[in-house]
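Bear in mind the structure is a predicted one, so any value in this text is a computation, not a measurement. Numbering of ligands and ligand atoms starts at 1, following listing order.
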Amino acid sequence: MAEQADWTIDDAERVYGVQRWGAGYFEIGANGNLKITPDLSNKNMRIDFQSVIDEIKQEGIQFPVVVRFHDILRSQVAALNKTFINTIEEAQYQGKYMGVYPVKVNQMREVVEEIVDAGAPFNYGLEAGSKAELITVMAYNTNIDSLTILNGYKDAEFMRLALLGRKLGRKMIVVIEKYSELSLLINAAKQLDVMPIIGLRSKMTVKGRGKWESSGGDRAKFGLTTSEMICAARYLESEGMGECLKLLHFHIGSQLTDIRAVKEAISEGGRIYAEMHRMGFKLEYVDVGGGLGIDYDGSKSTNDSSRNYTMEEYVADVVYGMREVCDLENVPHPTLVSESGRAITAHHSCVVAQVVGEIRANSAELPTDKLPTDHILLNNIRELAESVDSQNNLQEIFNDASQWKEQAIGAFKLRVISLEELGKIETLYWQIMVKLQHRLKDAEFVPEELQELDYNLSSQYLCNFSVFQSAADTWAIDQVLPVVPISRMNEKPTVNCSLVDITCDSDGKLDQFVVDHGISDVLPMPPLKKGEDYYLGLFLTGAYQDVMGDMHNLFGRLNEVHIFGDDDDPEDFYIEEVVKGSSVQDVLSIMQYNPDAMAQSMKRMIDQHISSGAMKPREAVKWTDFYEDCLKGYTYLKTS
Ligand SMILES: *Cc1c(COP(=O)(O)O)cnc(C)c1O
């Protein structure tokens, strides 16, 4: 391995940028494997990802697998709360922080339970945005001192559920998103004779920047305009419920890429709060919504997949910004609420998929030795292939080769050349492209057309997963996610490849990667070795992606393993729980099929072959069992 001498772990770090997006949790170990430090308060606990994979295999769990690190969830909950607590103390801010986790970002029961548990010392609460989520958070937010914030569109039943929470003494805050919800709430409250706690969501004029910027402004889907806010407050007062109005809410978008939007939102929101106060509405809480971004591409920039600030800077802008407005206007500092979801959950889970093959443009070559009967097109392109290294005009070589290949296709259609000759011309064409690519490496100037050569010649690594299930945001909104091999990063990655999934949809691919401080359409990977199981991970998938996957091609949910760090364990971890992914019969049932009836139907067909003597009973039983086993099995490729 002569090439390895000039390759170090630092080089791997430069190419994959693991520490830049890893937020202290991920790094490349000296052995070339990905390492995880899941608990930032205990750096001694370090998990080698390859040993997690080995254990998953030992347990007989099939890939692809979602791997969840519960300690990362806990660390993020603690980090957000402690940052607010420390900043509030440092700023001598008079209010408190009472955060809530918005369950829509990841509603998995285990995730919600872990967050509630880790948040208990901070009275960290939950947020719901739909009736089903409300029903969930009512049962799971068991801490009586924490808040439950209710956003989203609501009906009378929603209001009655929220009021049931009030009857049980819980701090449930109904946030009015739309003016007409107010009378629904007032009527229900009078009927049930309970005092609600009410919040108003402001539409805000400031817009977030980034993919979600339409969450704010005049055309925003949610929230009240200035005049609606004032009318709502007066309406409540006239109904004798002015006291119930306690919270101002705004949310200007998710993944805010530019800290300036946060500053602007705080000063606008602060002004609204202060003015409402002076009008006699003594609000106690200001809820700044979500939006705290994640650095998916590690660039610390205003790219859509990054952000130009840290969690500390975000919190400082919220706390100091609110203090400044309140002090200027001489109103009390409100209790601060935030609804960060992405920042809490993104890091804790990843998808591990096996690379099951390589697709190359020129993987099978025909012998191209000269025959006396060869057509002139074939002779021309062969001569060109032989002379590439002695010619200087690379663009001309490219033009000639491309032109002859095109002419050859025309000639084939006109029955001038045979299929075999066309195949040979194709072989020679790709040989020329490979030679050109080598020569371009040393060239000072690369003509535009030839710049795509690297991509056209790159391999595709076929991975046993579905983009639609496991990287839905990548497919839908071009979300860039870090993709990194789990092992062998101590070897020079000599293959440039894009990744394709196993759905039969040409959109089922990944061709945007965080590489070498930028975004690249190919990912450098080590060459595949015969007989070796090789895995890669899609990271930072814990927010939204995790729960948004769809059933395209009937690939369902993934098997999951839940990892807990454990200092006393030789490998520093144990698998606490395995959650089975969808079986074929699970996904079929969702689509209204009846798997039992299908098995019976197959059995009937097989039985007919026994009756006719075409199949022996012993063989027939085997085939019947096989079909039933496949129904019960995993939807993804079985690779071992
Ligand atoms: C989606 C949403 C959030 C979560 O936003 P993140 O950017 O993921 O933190 C918070 N509040 C509301 C109202 C939302 O709609």
Short list, please: which atoms of ligand 1 are under 4.0 Å from a heavy atom of Asn151? 13 (C)
For atom 9 (O) of ligand 1, what is the closest protein heavy atom, and at what distance to 0.1 Å? Gly341 N, 2.7 Å
Verdict with supporting geometry, Tyr93 and His333, ring pair (Phe, Tyr, Trp, His ring centres under 6.0 Å): CA-CA 7 Å; Tyr93 186 86; His333 299 169; 4.7 Å; yes
Is there a polar contact, in the sense of an N or O pair closer than 3.5 Å, between Arg201 and ligand 1? no
Student check: side-chain heavy atoms of Leu126 and Val112 closer than 4.5 Å: yes
Which of the atoms in ligand 1, numbered in the order shown and given with their element, are less than 4.0 Å from a heavy-atom of Tyr544? 1 (C), 4 (C), 5 (O), 6 (P), 8 (O)
Does Ser340 come within less than 4.0 Å of ligand 1, judged by its heavy atoms? yes
Close side-chain approach of Val52 to Ile563, heavy-atom, < 4.5 Å: yes
Could you pull out all residues at least two apart from Glu228 that satisfy side chain to side chain donor-acceptor pair (under 3.5 Å)? Thr225
Between Asp117 and Arg74, does at least one N-O distance fall below 4.0 Å, as a salt bridge requires? yes
In terms of side-chain heavy atoms, does Asp501 have a donor or acceptor partner in Gln469 at a distance below 3.5 Å? no
Taking 4.0 angstrom as the limit and counting only heavy atoms of Glu339, give me the atoms of ligand 1 inside it, by number and element. 3 (C), 4 (C), 5 (O), 9 (O), 10 (C), 11 (N), 12 (C), 13 (C)
Which ligand 1 atoms, with their elements, are less than 4.0 angstrom from a heavy-atom of Val105? 8 (O)
Close-contact set for ligand 1 against Arg342 heavy atoms, below 4.0 Å: 6 (P), 8 (O), 9 (O)
Between Gln479 and Leu481, is there a side-chain heavy-atom distance shorter than 4.5 Å? yes
Closest protein heavy atom (residue, atom, distance) for atom 7 (O) of ligand 1: Ser254 OG, 2.5 Å
Walk me through it: do Tyr296 and Trp21 pass the test ring pair (Phe, Tyr, Trp, His ring centres under 6.0 Å)? CA-CA 6 Å; Tyr296 292 97; Trp21 53 257; 9.7 Å; no
Can you report which non-hydrogen protein atom sits closest to atom 1 (C) of ligand 1, along with the distance? Lys104 NZ, 1.4 Å
Would you say Ser41 and Asp39 are linked by a side-chain donor-acceptor pair, where the criterion is simply a distance under 3.5 Å? yes
Test your reading of the structure: does His249 have an N or O sitting under 3.5 Å from an N or O of ligand 1? no
Could you tell me, atom by atom, which parts of ligand 1 come under 4.0 Å of a heavy atom of Gly291? 5 (O), 6 (P), 7 (O), 9 (O)
Going by distance only, is there an N or O of Pro102 that falls short of 3.5 Å from an N or O of ligand 1? no
